[in-house]
Amino acid sequence: MEKKYDHRLVEYGKYDYWLKNDLFKSGDLNKKPFSIVIPPPNVTGKLHLGHAWDTSLQDIIARYKRLKGYDVLWLPGMDHAGVATQAKIDARLKEQGINPKSIGRDKWMEYAWSYKEEYANIIRKQWSNLGLSLDYSKERFTLDEGSSNAVNKVFIDLYNKGYIYRGTKPINWDPIAKTALSNIEVIYKKTKGNMYYFKYMFPNSDQYIEVATTRPETMASDKAVVVNPKDDRYKNIVGKSVISPLRKELIPVITDEYIDISFGTGAMKCSAHAIDDFDILKKNNIEIVESIDTNGILNDYALEFSGLTREEARIKIVEKLNKEGLITKIEDYNHEVGYSERTDAVIEIMIMPQWFVKMDGLSKALLDVQSDKEKKVKFVTSRFEKILINWMISIQDWCISRQVWWGHRIPAWYKDDQVKVQIESPGLEWTQDEDVLDTWFSSALWPFSTLGFPNKTNDLERYFPIDIMVTGYDIIFFWVARMMFQSIEFMNNIPFKEVLIHGLVRDKNGKKMSKSLGNGIDPMDVIEKYGADSLRYFITTNTAQGMDLRYDEEKIKSTWNFINKIWNASRYVEMNLNNESELSVIDKWILFKFNNKVKSITKNMDKYDFQNVGSELYEFIWNDFCDWYIELSKVHLNSKVLKYILFSILKMLHPFMPFVTEDIYMNFENKSIMLEEYPKYDKELNYKNEYKLIEDLKEYIIKVRNIKLEYSITKDALIEYTCKDEFVLKILNKLLKLDDYFKYNDENMNKISIISDNKDITINYYINENVIDDTKEIEELKLSIERRKKLLSNEGYVNKAPKNIVEEERLKLEEELIKLNNLEAK
RNA sequence: GGAGGAUUAGCUCAGUUGGUUGGAGCACCUGCCUUACAAGCAGGGGGCCAUAGGUUCGAGUCCUAUAUCCUCCACCA
């Protein structure tokens with residue numbers, strides 16, 4: 001082995017080796033199945049650190065389960081990401097001087113598919129760099145034939161069941177992407193603006209009602225002024241008419257409970273471009289006319305402001321109405337404005353025919369399942385379930401049609417005012433709906449569409465429901481919820497038994513990583529610099545479940561050091577291969593300790609508690625294995641145990657650091673570590689006494705080292721000790737590096753410390769310079785004894801605390817009394 | 001407005017169903033190039049666990065307030 005760990009050398013070629021040997025392939029029917037389906041990344045771009053985290057967690061589970069003897073299916077795939085991808089493709093076409101709309105749908109689709117292939121290749125390369133053990137023979141795409149069949153089947157069924165309908169309602173419109181969006185694709189951001197107060201004049205009068213608005217550009221659509229029926233200020237004007245400031249039309253003053261008396265002037269104007277306005281106008285049977293078009297430009301209804309953008313129109317309208325003396329005041333006002341998640345355009349509320357999924361029945365079914373402890377999806381961590389439930393309870397219908405090309409075309413056909421929902425064209429005179437479905441509509445079917453739905457396939461039979469879904473909390477609403485209700489509806493079952501929810505990656509200062517802040521980190525750069533193993537171990541073990549992760553390069557460096565440590569420990573083992581000998585106390589100590597680690601690590605692996613696994617492995621490897629066992633092995637070497645511990649460590653690390661563990665293992669065994677078994681707890685290895693002896697010895701050695709350093713005792717000063725057990729003596733000589741200064745049976749020995757209840761290995765020592773001051777230690781010990789005595793004489797404690805805990809306290813007290821005795825005897 | 005978090009060493013974070021003397025990494029101090037590793041070894045210092053009450057024999061952990069910060073949801077014009 002090389003003297004230093006070189007991640008590039010180690011990681012080079014491994015992934016191809018695994019692929020060539022089909023080590024990621026599923027389908028061994030002799031084993032129990034375990035299934036994971038990757039959350040499909042968008043084909044719009046490269047993977048970021050969040051993906052690296054998400055997929056590393058899955059890979060850890062997949063590799064762990066394989067070592068545990070499962071037939072693991074980890075199914076890869078990607079998402080067509082409708083609106084997002086279309087925006088990118090259009091942008092690229094424009095760069096090439098091509099107008100995307102003018103080339104026609106079919107030609108455009110050709111471009112789109114080649115774009116998709118390009119990014120799919122980048123993503124696959126990134127997966128390979130991360131070392132993800134995906135079964136590529138099962139790879140899927142949300143827009144492939146099978147997925148399209150699933151989408152059509154679900155759409156048509158839901159339509160026939162009355163869950164999908166076409167309706168003309170106010171929807172969120174993205175004027176840049178020129179498509180409808182669902183509610184959750186709208187991001188509300190606090191935005192600086194103004195509150196404008198306008199006079200709505202009564203005809204032939206100088207009386208007016210003052211109305212506040214943040215959006216003067218919608219005023220051409222004003223069709224009513226609403227006040228609260230309980231508002232005394234306006235009682236006698238309800239039912240009268242006022243003049244709309246812009247179009248100078250007579251519009252009624254009406255009432256609605258919705259109006260907050262204390263807000264603004266207590267009077268609100270109703271236009272077409274707000275959902276509440278729409279509802280109120282509709283309720284009152286008042287005409288609704290839009291004055292903004294799908295490009296976000298004012299239309300002819302806005303008279304001389306036609307052709308202006310919303311922003312321009314706002315300024316001009318305020319200018320004009322101000323000249324007319326219709327503005328009473330303008331205040332600074334910060335409020336929530338909706339932006340498109342994809343294009344960051346300010347959302348416009350438009351009234352148009354769109355397709356919707358009616359949510360009440362589907363959400364109720366989901367809530368019913370989650371209230372059943374036997375049937376429910378288990379959330380790790382559980383608090384995210386509450387978030388989902390709260391959202392499901394107040395959910396509104398889901399707008400699923402999108403006015404783009406990149407997606408599943410809606411299987412609806414029109415002829416005059418007739419609608420037919422089916423896959424095949426009903427005839428020549430019929431035309432198909434131009435729209436496609438929300439990308440999340442197909443993602444929602446992912447756990448079963450990837451396994452063959454709507455066909456009844458062996459894969460569905462064997463691998464569904466998925467054993468675990470791993471995803472970030474940011475897409476619980478977008479994805480987790482929708483997978484759940486679609487699966488409950490169509491598979492009559494939950495889509496996955498468990499869902500492991502992780503947080504977001506933040507930068508060193510705790511800020512969310514984003515393109516606009518420019519604080520994003522490319523995982524491929526990290527891999528180049530420190531290796532995939534370092535990155536993976538860092539992202540998966542540095543945070544508690546469900547918490548956000550702060551990216552810190554220093555921590556990746558220290559992971560690299562950890563791997564280098566493992567590397568060097570392996571080199572030591574390699575250099576000491578052929579030293580077969582009897583099991584010594586040391587060997588029994590490490591075997592006992594390791595055996596217990598296996599037990600607790602396995603338990604934590606099964607709980608997906610990787611932070612704990614990480615620190616347990618770290619601690620065991622660095623402190624127990626390297627600092628003590630390897631050092632002790634220099635006194636007495638048993639290469640069989642040395643190898644056993646090393647190999648076991650490698651197997652337990654393998655899910656986290658697949659490359660370096662494979663590399664080291666191959667170096668010894670010439671066989672892939674992936675084909676091995678995870679270490680098992682062995683109740684035969686019950687070397688309690690040997691364990692206790694070495695632990696005591698460690699304590700003693702640390703104490704002497706401390707004394708040496710504290711009193712600057714070098715070899716010139718003397719520490720002398722005797723011990724009837726020659727083996728223990730050898731250990732002391734080696735670890736305390738005082739070979740030349742030990743004596744046997746010195747009668748003048750005046751300082752004694754018993755380090756074990758085994759009389760045969762009692763150690764006597766003294767330091768001939770009389771500089772050691774034990775008074776502090778004695779005092780502390782006395783205090784501790786006091787505390788313990790008091791505790792044990794507390795009746796409440798003795799009676800109510802668990803017996804084993806009280807017993808432990810008694811034992812500790814006894815030990816302390818013995819210690820005190822020894823110290824004072826000097 | 002509603003909901004979910006967070007607050008523990010200088011920094012970043014752990015802390016299991018409450019068990020009595022609260023951990024790790026980094027940073028810091030001291031001494032070491034000891035034949036696996038100086039990207040290392042050995043040793044050490046450093047905490048009123050945000051605040052105030054409560055429950056309990058016992059609270060970092062459970063309950064109730066308060067403060068500060070973060071995130072999500074929601075149609076206040």
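- Using a 4.0 Å heavy-atom distance criterion, Y258(A) is classed as a base contact.
- In this entry rG23(B) has rC13(B) as its Watson-Crick or G-U wobble partner, both defining distances falling under 3.5 Å.
- Across all strands shown, rC33(B) forms no Watson-Crick or G-U wobble pair with both key distances under 3.5 Å.
- Side chain of K565(A), nearest nucleotide from rA77(B), rC41(B), rG4(B): rC41(B).
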Look for any protein N or O under 3.5 Å of an N or O in nucleotides 43-49 of chain B and output each such pair with its distance, or none.
unit_1, atom_1, unit_2, atom_2, d
rG43(B), OP1, R705(A), NH1, 3.4
rG43(B), O2', N706(A), OD1, 3.4

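- Where D276(A) and E809(A) meet RNA chain B, the nucleotide closest to each residue was compared, and E809(A) sits on the side nearer the 5' end.
- Looking at M657(A) and F562(A), their side chains come closer than 4.5 Å, going by heavy atoms from C-beta outward.
- Between the H273(A) side chain and the S291(A) main chain, a donor and an acceptor come within less than 3.5 Å of each other.
- At least one donor-acceptor pair under 3.5 Å links the side chain of S615(A) to the backbone N or O of Q611(A).
- rA50(B) and rU66(B) make up a base pair, with Watson-Crick or G-U wobble contacts both under 3.5 Å.
- Pairing for rC72(B) goes to rG2(B), judged as Watson-Crick or G-U wobble with the two contacts each under 3.5 Å.
- Protein atom CG of N390(A) is 12 Å distant from nucleotide atom C1' of rA74(B), rounded to whole Å.
- F477(A) has its ring centre less than 6.0 Å from the ring centre of W391(A).
- A distance of 7.5 Å separates NZ in K4(A) from CG in N564(A), rounded to the nearest 0.5 Å.
- Heavy atoms of K800(A) sit under 4.0 angstrom from at least one base atom.
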Could you run down the sub-3.5 Å N/O contacts of the protein with nucleotides 10-14 of chain B?
unit_1, atom_1, unit_2, atom_2, d
rU12(B), O3', R550(A), NE, 3.1
rU12(B), O2', K555(A), NZ, 2.8
rU12(B), O2, K555(A), NZ, 3.4
rC13(B), OP1, R550(A), NE, 2.7
rA14(B), OP1, A544(A), N, 3.4
rA14(B), O4', Q611(A), NE2, 3.3
rA14(B), O2', Q611(A), NE2, 3.4

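- In this structure, the ring of F379(A) has its center no less than 6.0 angstrom from the ring center of F384(A).
- Map V573(A) and E554(A) each onto its nearest nucleotide of RNA chain B; the residue landing nearer the 5' end is E554(A).
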Apply salt bridge (charged side-chain N to carboxylate O under 4.0 Å, His left out) to D231(A) and R233(A), showing your working. CA-CA 5 Å; D231(A) 195 334; R233(A) 290 174 295 178; 2.8 Å; yes

